[in-house]
Amino acid sequence: MEERSLNFLEEIIENHLAEGKYKNIHTRFPPEPNGYLHIGHAASICLNFGLAIKYKGQCNLRFDDTNPVTEETEYVESIMNDVKWLGFNWDELHYTSDYFEELYGFAVKLIEKGFAYVDDSTAEEMAAQKGDINRTGVNSIYRSRSIDENLQLFAEMREGKYPDGAKVLRAKIDMEHPNLLMRDPIIYRIKHAHHHRTGDKWCVYPMYDFAHGQSDSIENITHSICTLEFIHHRPLYDWFIEKLEIFPSHQYEFARRNLTYTVMSKRKLLQLVNEKHVDGWDDPRMPTISGLRRRGYTPESIRNFADTIGIAKRENITDVGLLEFCVRDHLNKIADRRMAVLDPVKLIITNYPEGQTEDLIAENNPENENGGTRSVPFSREIWIEREDFMEDAPKKFFRLGPGLTVRLKYAYIVTCNDFKKDEHGNITEIYCSYIPESKSGSDTSGLKVKGTIHWVSVPHAKTAEVRLYDRLFKVENPASEEGDFKDYINPDSLTILPKAYIEPALTETNPLDKFQFLRLGYFTTDKNSTSGHLIFNKTVGLKDSWAKEVKKEG
RNA sequence: AGUUCCAUGGUGUAAUGGUAGCACAACAGUUUUUGGUUCUGUUUGUCUAGGUUCGAAUCCUGGUGGAACUACCA
């Protein structure tokens, strides 16, 4: 077992443990239930849960549900499902909404200590008072209200005496602070909205800054890990904890993970879903965890990816090729091999007896000696991949063409003698002769051939719908391009093949089963696949050094 | 412009004052009844200028470049 170096958070934690600052650590994963989790969240989940596991601490799942207008139960369920699927178990399950009464009490305490006031200013007035990066802010005329008056007004806000936007509760900090967040931030606002858990009990809701850190504190979170954009919130985070005199959780920030050829913000992903650019949150082209799952990714491959990219504080955009490497690496070990022909052309073995069939033995996975075998039917007529034949083959083309010889995987060596074309010049039939002594497993022909191709027996072939996916965007970083990110959507990201030929063994499958279609790539059975209408999603192609060769020549 | 953060091959990440390493990608070869897998090798990097030091990717100073912050979102 190789000793891996520590990332900066592990270093901090090990120091804390060594100093005795904490006896054990407690982290949390705090999603807002307003969308589905994506691969960036997966990295955060692996980080928070992984740290708890590594240092024998705890990790909570907490729904940060303080904005009733964007949050829904559907999202809560999908998030719990995704976390579990990734392989993690939370120690405690919480909702910020469970703390609403306590948070309200914290706000009252702040008012009583003279650290908060009710402000009647409009949003526009407050924005104007706030100043900006270059100008300091000015105090609101409501800033000097008495404690009693503030207490009274805040109680009335809770009672529902005022409409949305009429009043807010603000922390009284410093309108000249260089950090805009410290210029008397709003901590409670009025929203007469139905909450997915508390219903209509509340019409005032705490803001993120007055909920997150307090919830961390209530749960005795020792290391509250978030992304870099919250770094400016840390002084506020600390200020509230100090003024409230509650358990001092601390916030640590790391750089969010980005991936090439996709977008990674819930807002943008929601747009793709709402505007039907994709078929829902779990569309296999989406970088969501549910999308990756439907695409055929395994939890192991995602965890390994998270581990490989590591964490740091610098801006980054990871090549999606690394994610693909991780899933190939895992699927190569666990996926059974099957044969499927996606773009078929008929091959007839002229010297093979008509009407004869043979059951050939095929190993399920050469990487797994206990993987077993299956039977594959063979006959005089087979489907092969159109790509595997060239009328004028270049020297290094180790497939079929006039006079060329290949092995049919698990079967015989065949040589092409002739072929037929239609009026458009498309190959319609290929004629070969086979060598009876070359049968796989009992080959006495003594022949060595360079190429081996896959095939499906025509009379035995079953059919399936196969969906091929390409990257969702045409550019590496759509979010950083000029204009609307949706202008960069790849119009060819989905190709549906309604009728591919598959070997009979492939009909015995359930959603999420993983296969390697020999020489083509990894495929998984779609959630909507039935025995009457099989559907396979392409997870990722195999490495294709021939395609690379062709590209170089071209 | 103010504040804060960041800067190591094409990408991601190590080296915590002492040989710049690992993974992906790329390239060459090996093995192979998958042009897959395996295995071997190669190319490519410390933003810049000073300073401290026997010695600096690391510490200090200046510069340059990038990012974040100006929602009754989180």
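Throughout, protein chains are lettered first and strands after them, A, B, ... in sequence-line order, and every chain is numbered starting at 1. As the structure is a computational prediction, the values presented were derived from the model and not from experiment. Just so it is clear, the values below take in all heavy atoms, side chains as well, and ignore hydrogens, waters and symmetry mates.
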TODO: Could you check whether F230(A) gets within reach of a base, just the sugar-phosphate, or nothing at all, counting any heavy atom under 4.0 Å?
DONE: base
TODO: Would you please indicate yes or no on a ring centroid separation below 6.0 angstrom for F378(A) and Y352(A)?
DONE: yes
Task: Rounded distance (Å) that lies between atom P of A7(B) and atom CZ of F8(A) - done: 11 Å
- [ ] Rounded to whole angstrom, note down the P distance from G50(B) over to G55(B).
- [x] 16 Å
Task: Donor-acceptor pair (no angle test) under 3.5 Å: R135(A) side chain, U70(B) base - done: no
Task: Spacing of the P atoms in U19(B) and A28(B) (rounded, Å) - done: 34 Å
Open item on the list: Distance check needed: U34(B) P versus D388(A) CG, whole Å only.
Closed with: 13 Å
- [ ] Tell me whether the OP1 or OP2 atom of U34(B) has a side-chain N or O from K543(A) closer than 4.0 Å.
- [x] no
- [ ] Could you please name the partner base of G45(B), counting Watson-Crick and G-U wobble pairs only when both distances are under 3.5 Å?
- [x] none
- [ ] Please say which of V168(A), D119(A), I173(A) ends up in a side chain to side chain contact (heavy atoms under 4.5 Å, CB included) with D184(A).
- [x] I173(A)
Task: Nearest to side-chain heavy atoms of I133(A), which nucleotide of C72(B), G2(B), G36(B) - done: G2(B)
Open item on the list: Testing the 3.5 Å rule here: is there a donor-acceptor pair between the side chains of Y36(A) and E74(A)?
Closed with: yes
Open item on the list: I want to check one thing: is the phosphate of U32(B), taken as OP1 and OP2, less than 4.0 Å away from some side-chain N or O of K450(A)?
Closed with: no
- [ ] Starting at atom NZ of K409(A), determine the distance to atom P of G35(B), rounded to an integer number of angstrom.
- [x] 8 Å
Open item on the list: Looking only at the side chain of K191(A) (C-beta and beyond, no hydrogens), which of the listed nucleotides G12(B), C73(B), U13(B) gets closest?
Closed with: C73(B)
Task: Distance, rounded to the nearest Å, where Q251(A) contributes CD and C5(B) contributes P - done: 13 Å
Task: Which residue lies more 5' along RNA chain B, comparing P206(A) with E229(A) via nearest heavy atoms - done: E229(A)
Task: Mate of C59(B) where both pairing distances stay under 3.5 Å, Watson-Crick or G-U - done: G51(B)
TODO: Tell which nucleotide pairs with A23(B), taking only Watson-Crick or G-U wobble pairs whose two distances are both under 3.5 angstrom.
DONE: U11(B)
Open item on the list: Nearest whole Å is fine: how far is U4(B) C1' from Y237(A) OH?
Closed with: 19 Å
Task: Base-pairing assignment for G65(B) (Watson-Crick or G-U wobble, both under 3.5 Å) - done: C6(B)
Open item on the list: Taking the minimum atom-to-atom distance to the side chain of S440(A), which one of U33(B), U13(B), A26(B) wins?
Closed with: U33(B)
- [ ] Rounded off to whole Å, could you give me the CG-to-P distance for the L180(A) and U3(B) pair?
- [x] 13 Å
Open item on the list: Can you identify which nucleotide, out of A68(B), C6(B), G35(B), has its nearest atom closest to the K313(A) side chain?
Closed with: C6(B)
Open item on the list: If you only use heavy atoms from C-beta on, which nucleotide in G12(B), C72(B), U4(B) is closest to the side chain of V168(A)?
Closed with: C72(B)
Open item on the list: Taking the six-membered ring of F515(A) as reference, does the cationic atom of R338(A) (NZ for Lys, CZ for Arg) lie under 6.0 Å from its centre and within 45° of its axis?
Closed with: no
Open item on the list: It should be established whether R257(A) places a side-chain nitrogen or oxygen under 4.0 Å from OP1 or OP2 of nucleotide U11(B).
Closed with: no
TODO: Determine yes or no for a side-chain-to-main-chain donor-acceptor pair under 3.5 angstrom, with Y188(A) supplying the side chain and Y104(A) the backbone.
DONE: yes
TODO: Would you please indicate if the ring centroids of Y237(A) and F230(A) are separated by under 6.0 Å?
DONE: no
- [ ] Among the candidates A74(B), U3(B), A14(B), find the nucleotide nearest to the side-chain atoms of S5(A).
- [x] A14(B)
Open item on the list: Would you measure the distance from the C1' atom in G21(B) across to the matching atom in U46(B) and give it in whole Å?
Closed with: 13 Å
TODO: Just call it for L518(A): base, sugar-phosphate, or nothing, with non-hydrogen atoms closer than 4.0 Å on any strand.
DONE: base
- [ ] Determine the contact category for Y410(A): base if any of its heavy atoms lies under 4.0 Å from a base atom, sugar-phosphate if only primed atoms, P, OP1 or OP2 are that close, otherwise nothing.
- [x] base
- [ ] Nearest-nucleotide wise, let me know which of E315(A) and I190(A) is further upstream toward the 5' end of RNA chain B.
- [x] E315(A)
Task: Of the listed nucleotides A1(B), G35(B), U13(B), the one nearest the side chain of R519(A) - done: G35(B)
- [ ] For the residue pair L103(A) and T96(A), establish whether any side-chain heavy-atom pair is separated by less than 4.5 Å.
- [x] yes
Task: Among U3(B), G12(B), C73(B), the nucleotide that comes nearest once only the side chain of N67(A) is considered - done: C73(B)
Open item on the list: Using the C1' atom as the point on both nucleotides, what is the distance between A57(B) and U13(B), in whole Å?
Closed with: 14 Å
Open item on the list: Tell me if the side-chain of E367(A) makes a donor-acceptor pair with the base of G36(B), cut-off 3.5 Å, by modelled atom types.
Closed with: yes
Open item on the list: Considering every strand and a 4.0 Å limit on heavy-atom distances, what is the contact class for M126(A): base, sugar-phosphate, or nothing?
Closed with: nothing
Task: Distance in angstrom units between N179(A) CG and U4(B) C1', rounded - done: 8 Å
Task: Whole-Å C1' distance, C69(B) and C60(B) - done: 28 Å
TODO: Please state the P separation for the pair G62(B) and C5(B) - nearest whole angstrom.
DONE: 14 Å
TODO: Would you mind classifying the nucleic acid contact of F397(A) as base, sugar-phosphate or nothing, using non-hydrogen atoms under 4.0 angstrom?
DONE: base
Task: Under 5.5 Å and under 30°: W546(A) stacked on G35(B) - done: yes
Task: Atom C1', compared across G2(B) and C24(B): separation rounded to whole Å - done: 40 Å
Task: Approximate separation, where rounding is to 0.5 Å, of R303(A) CZ and T308(A) OG1 - done: 12.5 Å
TODO: In whole angstrom, give me the gap between the C1' atoms of G45(B) and U4(B).
DONE: 28 Å
